[in-house]
Amino acid sequence: MELLSTPRSIEINNITCDSFRISWAMDGGDLERVTHYFIDLNKKENKNSNKFKHRDVPTKLVAKAVPLPMTVRGHWFLSPRTEYSVAVQTAVKQSDGEYLVSGWSETVEFCTGDYAKEHLAQLQEKAELIAGRMLRFSVFYRNQHKEYFQHVRMHCGNMMKPSLKDNSGSHGSPTSGMLHGIFFSCNTEFNTGQPPQDSPYGRYRFQIPAQRLFSPNTNLYFADFYCMYTAYHYVVLVLAPKGSPGDHFCRERLPQLDISCNKFLTCCMEDGELVYHHAQDIILEVIYTEPVDLSVGVLGEISGHQLMSLSTADAKKDPSCKTCNISVGR
């Protein structure tokens, strides 16, 4: 049987967090003969790979020949925001069950995308199932080391400035390494109604009245839902003043929440004043996208312990948790 030509001019497009479209050129005579495609897909390793996951192995895909371009989709072998290399081979299945194969094409590289809004909406729905009842609160707070606040006062004109979000949480979150903001907490202890006296981030705590960051002039967005191989689950929310650069960034990428009616964090007018509630059964990480002046809050030292085991700095999401994972790239 006449040999097959080697596939050439590979093109990759329509890339999402767990799929891509691929096409290539081959000699005209092969188009009618080819019965199968072999696709060699390899994940490019990097130093930040999740050490808890099983080592990824090369993926060899076999597909019946279809008109090109063809879509390759699969959350079990494609992860979001990850670099891959791919090569293709064509084949003709013969009467004896053996394959006549072409040579392998050149190898091309591509990077998968972030979660789209519809994927984040799925995460949001799963988070809503475990959010629990709403508790009232009155302040946002931020814990750091003493040196952090000294630096803000001496070198930043008393202004805490937004910094780039790290890669903690879901690997497909569009905020990781892209959104600038300041992390705040708002969780309270159900028996006291006050912020806990322990923190993983430092013994010094800045507290600011909730209305300074969250009001009808603020938009609220859902950004992530994850855990770190523990029973605790975290929800990441973004507070962005309407019309701000952070607001424009989030509007294009994240599901927007109704500030007065959602399962995580609310701001409602009651008897002429703003009243705030947070979900009891999840740990909220709230990103505020604008600078914050230390003079509008109070800085003090907490009496509890620094619980480093609860720190989420660059924390990797547990890809096996059925509570906080969805059926797209982890």
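Worth saying up front: this structure is predicted, and the values here are computed from it rather than measured.
Side-chain atoms of D30 never come within 3.5 Å of backbone atoms of M26 as a donor-acceptor pair (strictly under, hydrogens ignored). For the pair D224 (side chain) and S170 (backbone), a donor-acceptor distance under 3.5 Å is present. With Y37 contributing its side chain and V66 its backbone, the two residues share a donor-acceptor pair below 3.5 Å. Judged purely by atom type and a 3.5 angstrom limit, D27 has no side-chain atom pairing as donor or acceptor with the backbone of G29. Checked by atom type and distance alone, the side chain of K165 never pairs as donor or acceptor with a backbone atom of F183 at under 3.5 Å. Not a single donor-acceptor pair under 3.5 Å links the side chain of K43 to the backbone N or O of S79. Without hydrogens or angle criteria, K126 side chain to K322 main chain gives a donor-acceptor distance under 3.5 Å. Looking at Q89, its side chain does come within 3.5 Å of a backbone N or O of S102 through a donor-acceptor pair. A donor-acceptor distance shorter than 3.5 angstrom exists from the side chain of R203 to the backbone of I302, with no hydrogens or angles considered. Remark: side-chain polar atoms of T112 are paired, donor with acceptor, to backbone N or O of R81 under 3.5 angstrom.
Atom CG of L123 and atom OH of Y115 lie 5.5 Å apart (nearest 0.5 Å). Atom OH of Y288 is separated from atom CD1 of I182 by 8.5 Å, given to the nearest 0.5 angstrom. A distance of 5.5 Å separates CG in L61 from CD1 in I39, rounded to the nearest 0.5 Å. One finds the OG1 atom of T82 at 11.5 Å from the CG atom of D18 (value rounded to the nearest 0.5 Å). Interatomic distance, CE of M228 versus NZ of K317, reported as 12.5 Å (0.5 Å rounding). Interatomic distance, NZ of K263 versus CG of L265, reported as 14.5 Å (0.5 Å rounding).
In this structure, M154 places its CE atom where only 12 or fewer heavy-atom neighbours from other residues, nucleotides or ligands lie under 6.0 Å away. Surrounding NZ of K146 are at most 12 heavy atoms belonging to other residues, nucleotides or ligands under 6.0 Å away. When the shell of 6.0 Å around CD of E118 is examined, it contains more than 12 heavy atoms from other residues, nucleotides or ligands. For R212, the CZ atom sits in a loose shell: 12 or fewer heavy atoms of surrounding residues, nucleotides or ligands are nearer than 6.0 Å. Sparse packing is recorded around CG of D271, with 12 or fewer heavy atoms of other residues, nucleotides or ligands lying under 6.0 Å away.
V275 is not connected to V139 by any chain of hydrophobic side-chain contacts under 4.5 Å among Ile, Leu, Val, Met, Phe, Trp and Tyr, and they are in different clusters. Under the 4.5 Å side-chain heavy-atom criterion for Ile, Leu, Val, Met, Phe, Trp and Tyr, L68 and I12 are members of the same hydrophobic cluster. At a threshold of 4.5 Å between side-chain heavy atoms, the hydrophobic network of Ile, Leu, Val, Met, Phe, Trp and Tyr places V101 and L4 in two separate groups. Residues F38 and V88 fall into different hydrophobic clusters, defined by Ile, Leu, Val, Met, Phe, Trp and Tyr side chains chained together at heavy-atom separations under 4.5 Å. If you chain together hydrophobic residues whose side chains sit under 4.5 Å apart, L164 and V286 never meet in one group.
Two residues are said to be in side-chain contact when any heavy atoms from C-beta on lie closer than 4.5 Å; D114 and P80 fail this criterion. With a 4.5 Å cut-off on side-chain heavy atoms, L284 and Y234 do not count as touching. No side-chain heavy atom of N187 sits less than 4.5 Å from a side-chain heavy atom of F137. Using a 4.5 Å heavy-atom threshold, the side chains of E290 and S244 count as touching. By the 4.5 Å heavy-atom criterion applied to side chains, L120 and Q122 are not counted as neighbours. Within the 4.5 Å cutoff, the side chain of L135 has heavy atoms near those of the F190 side chain. Put simply, the side chain of I22 reaches to within 4.5 Å of the side chain of W24, judged on heavy atoms. Residues Q207 and F140 form no side-chain contact, since every pair of their non-hydrogen atoms from C-beta on lies 4.5 Å or further apart.
Side-chain N/O atoms of E285 and Y226 include a donor and acceptor closer than 3.5 Å. Inspection of the S260 and T266 side chains reveals no N or O donor paired with an N or O acceptor under 3.5 Å. Inspection of the N143 and R205 side chains reveals an N or O donor paired with an N or O acceptor under 3.5 Å. There is a side-chain donor-acceptor pair under 3.5 Å between Q124 and E128. Side-chain atoms of H278 and T188 form a donor-acceptor pair, as typed in the model, at a separation below 3.5 Å. If you check the side chains of K93 and T35, you find no donor sitting under 3.5 Å from an acceptor. Looking at Q197 and S303, their side chains do bring a donor and an acceptor atom within 3.5 Å of each other. Checking S19 against T16 by side-chain atom types alone, a donor-acceptor pair falls below 3.5 Å.
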Next item on the list: Take N219 and Q256, measure what side chain to side chain donor-acceptor pair (under 3.5 Å) needs, and give me the verdict at the end.
Entry: CA-CA 7 Å; N219 281 330; Q256 186 172 347; 3.1 Å; yes
Next item on the list: Please lay out, stage by stage, how F20 and N14 fare under the test side-chain contact (heavy atoms from CB on, under 4.5 Å).
Entry: CA-CA 5 Å; F20 62 92; N14 288 53; over 6 Å; no
Margin query: The test is side-chain contact (heavy atoms from CB on, under 4.5 Å); show your working for H233 and C321 and say whether it passes.
Written below: CA-CA 10 Å; H233 276 87; C321 177; 3.4 Å; yes
Item checked: Verdict with supporting geometry, F184 and L213, side-chain contact (heavy atoms from CB on, under 4.5 Å) -> CA-CA 10 Å; F184 284 92; L213 304 185; 3.9 Å; yes
Check: For E109 and K44, what are the C-alpha separation, side-chain angles and deciding distance, and is it a salt bridge (charged side-chain N to carboxylate O under 4.0 Å, His left out)?
Finding: CA-CA 9 Å; E109 298 179 353; K44 295 183 65 177; 3.3 Å; yes
Next item on the list: List the steps and the verdict of side-chain contact (heavy atoms from CB on, under 4.5 Å) for V108 and E106.
Entry: CA-CA 7 Å; V108 297; E106 77 274 18; 4.3 Å; yes
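Checked against the 6.0 Å centroid threshold, H36 and Y99 count as a close aromatic pair. A centroid separation of 6.0 Å or more is found between the aromatic rings of F225 and F222.
Partner of Y232 under the side chain to side chain contact (heavy atoms under 4.5 Å, CB included) criterion, chosen from I282, I283, D281: I283.
Summarising the geometry of V292 relative to V296, their closest heavy-atom pair is CG1-CG2, 4.4 Å, with the distance given to 0.1 Å. Contact record, C267 with L274: SG-CD2, 3.8 Å, taken as the closest heavy-atom pair. Taking both residues in full, the closest heavy atoms of K117 and R251 are given as NZ-O, 2.7 Å, listed atom of the first, atom of the second, then distance. The two residues Q144 and R142 have their closest heavy-atom pair at NE2-NH2, 3.4 Å.
Note: F214 and Y276 have tilted aromatic rings, judged against thresholds of 30 and 60 degrees for the angle between ring planes. Between F149 and F206, the two ring planes are tilted [angle within 30° to 60°]. Note: F110 and Y84 have parallel aromatic rings, judged against thresholds of 30 and 60 degrees for the angle between ring planes.
Between D40 and K60, at least one side-chain nitrogen of the basic residue sits less than 4.0 Å from a carboxylate oxygen of the acidic one, meeting the salt-bridge criterion.
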